[in-house]
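Both ligands and their constituent atoms are indexed starting at 1 by order of listing.
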Amino acid sequence: MQNKITSILKKENLNREDLILLLSANPSETELIYKKAAEIKSNHVGNYTYFRGLIELSNVCTKNCYYCGIRKGNTKVQRYTVTDDEVLQVVRYALDRNWGSIVIQSGERQDAKFIDRIEGLLKKIQALSSIKVGVTLSLGEQKIETYDRWLEAGATRYLVRVETSNEDLFYKIHPKDKLHDFELRKQALKDLQKAGYMTGTGVMIGLPYQTMGDLADDLLFMKEYDIDMCGMGPYIEHEDTPLYRYNDVLLPVKERFDLTLKMIAVLRILMKDVNITSATALQAINPDGREEGIRCGANVIMPNITPVKYHDAYNLYKGKPQIVAETDEYIRKLEEQINEAGDEVGYGELGDPLHFKYRTEP
Ligand code: SAM
Ligand code: SF4
């Protein structure tokens, strides 16, 4: 099998069967895959990791995804929304440390009050600095007019995870209704690209009944949709969600972790110049999980800069790390680990995905 992996890694174009074989590699073969991914990362995007300060703006959500701890139907959650002043304070923290970029993530809302609020907040964020602040939004599916308004107000990147590219599996993990529509989820990616955003997607890895074929299809989906950025992480169960009833068919947590690293590495091999985030959910399984992701081809880390008093309430899954990123000690340690993984931190740079440049410039 080792020979087989070596010959796949020499190929220019990988097909579905190749991807399945890579994802099924044993530990010694996996090292070859990581090595190849690291080499491609170094040659195509450089040995830099970019920090994006993550603000978990609100856990108020109109949706009911079966896997998510802050779904509307979970009545145990205490709902919160971070104020504009608090957001500006933590953005200032990120700018003072020369990170250059932030991510605003939230439960999904499409009402006028929310749309106006985000627009106003984006303008205030850009007014904080004479240099453009890189702002990624992760606020779910919206109308095209909303994407346009938020882009105009200062956002440049947008993340909408498709969660899985298998329609049947999508409807096993979401209700089948107008709010949770597979076609609309995919359409959002097209709309965002058309609007001019650097566009990202991603999937959860280790979902109940997910196969290697599904994961290979997820990678091919990202290629087909020509995405610029990817954030994918292990699925981690939450006991107050409907998907928890499938707990006994899940892969062991360690296998979900290892499979996520393989997905990162294989995506780097497949899409050489995209930005890949080393997800927080990796850290929930292994405290050094995100640094492992960097070693396998990822180049973005999102330290959580949400004010600490809100951390407990943004509880998406079991064991979500309640790390206080607002300490220089924590960041220093993170930087040390990034250096050990062979990267430098890309301070003072936006770290935009090169793929976007090549996709949009003639
Ligand atoms: N509401 C927006 C959306 O769904 O696009 C953004 C926020 S949502 C909390 C961000 C991501 O969290 C989702 O795309 C999903 O992949 C991830 N997530 C939610 N529950 C999870 C779980 N139990 N395990 C792993 N990831 C989870
Ligand atoms: Fe809401 Fe996003 Fe969670 Fe779905 S994944 S319930 S849209 S916060």
Side-chain angles (χ1 to χ4, degrees), residues 54-75 77 79-82 103-110 114 118 136-142 146-147 157-165 169-175 177-182 184-189 191-192 199-208 210 218 227 229-247 250-251 253 256-257 259-260 263 277-285 289 302 304 306 310-311 313-321:
L54 172 66
I55 303 158
E56 295 168 336
L57 186 73
S58 172
N59 63 359
V60 177
C61 189
T62 53
K63 283 189 158 181
N64 256 319
C65 307
Y66 289 149
Y67 45 84
C68 177
I70 62 169
R71 62 196 297 274
K72 186 181 178 195
N74 186 2
T75 51
V77 176
R79 305 288 164 174
Y80 75 87
T81 299
V82 184
V103 179
I104 303 178
Q105 193 183 79
S106 169
E108 193 169 312
R109 284 176 55 181
Q110 296 184 346
F114 180 74
I118 298 296
T136 309
L137 298 179
S138 170
L139 306 174
E141 295 151 50
Q142 303 289 338
T146 308
Y147 295 139
R157 316 181 186 116
Y158 207 110
L159 289 170
V160 181
R161 283 186 178 181
V162 69
E163 315 296 358
T164 169
S165 61
L169 185 56
F170 185 89
Y171 287 120
K172 282 200 180 80
I173 64 170
H174 297 99
D177 60 25
K178 275 192 197 144
L179 258 189
H180 309 79
D181 185 301
F182 185 57
L184 291 180
R185 195 77 181 164
K186 292 189 294 180
Q187 186 59 41
L189 297 173
D191 291 345
L192 286 162
T199 303
T201 193
V203 294
M204 283 181 286
I205 295 153
L207 288 164
Q210 191 179 41
D218 290 342
I227 55 121
M229 315 179 295
C230 174
M232 53 190 166
Y235 161 65
I236 305 176
E237 61 277 20
H238 186 302
E239 60 187 0
D240 299 321
T241 62
L243 212 61
Y244 196 70
R245 69 174 178 273
Y246 294 111
N247 236 17
L250 294 179
L251 286 177
V253 160
R256 280 178 259 163
F257 179 87
L259 203 46
T260 301
M263 283 285 282
T277 302
S278 197
T280 312
L282 280 170
Q283 195 190 8
I285 297 177
M302 307 191 321
N304 191 354
T306 312
Y310 300 118
H311 283 198
Y314 203 81
N315 194 13
L316 305 182
Y317 45 77
K318 198 168 79 178
K320 184 167 172 285

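Of all the atoms in ligand 2, the ones that sit under 4.0 Å from a non-hydrogen atom of K63 are 6 (S), 7 (S). Of all the atoms in ligand 2, the ones that sit under 4.0 Å from a non-hydrogen atom of G107 are 8 (S).
Proximity of the aromatic rings of Y67 and Y235 is defined here by a centroid distance below 6.0 angstrom, and this criterion is not met.
Between S138 and ligand 1, a contact under 3.5 Å exists for no N or O pair. Below 3.5 Å of separation, one finds an N or O of S106 facing an N or O of ligand 1. At under 3.5 Å, a nitrogen or oxygen of R185, whether backbone or side chain, sits near a nitrogen or oxygen of ligand 1. Residue-to-ligand polar distances place E163 within reach of ligand 1: an N/O pair is separated by less than 3.5 Å.
With hydrogens and angles left out, the side-chain atoms of Q142 and Y158 include no donor and acceptor closer than 3.5 Å.
Counting protein heavy atoms only, atom 24 (N) of ligand 1 is closest to I236 N, 3.1 Å. Annotation: atom 4 (Fe) of ligand 2 to nearest protein heavy atom, C65 SG, 2.3 Å. Protein heavy atom nearest atom 1 (Fe) of ligand 2, with residue, atom name and distance: C61 SG, 2.3 Å. Summary of contacts: the protein heavy atom closest to atom 3 (Fe) of ligand 2 is C68 SG, 2.4 Å.
Residue I70 touches ligand 2 through its side chain alone, judged by heavy-atom distances below 4.0 Å.
The nearest non-hydrogen atom to atom 25 (C) of ligand 1, considering only A281, A284, P234, G69, comes from P234.
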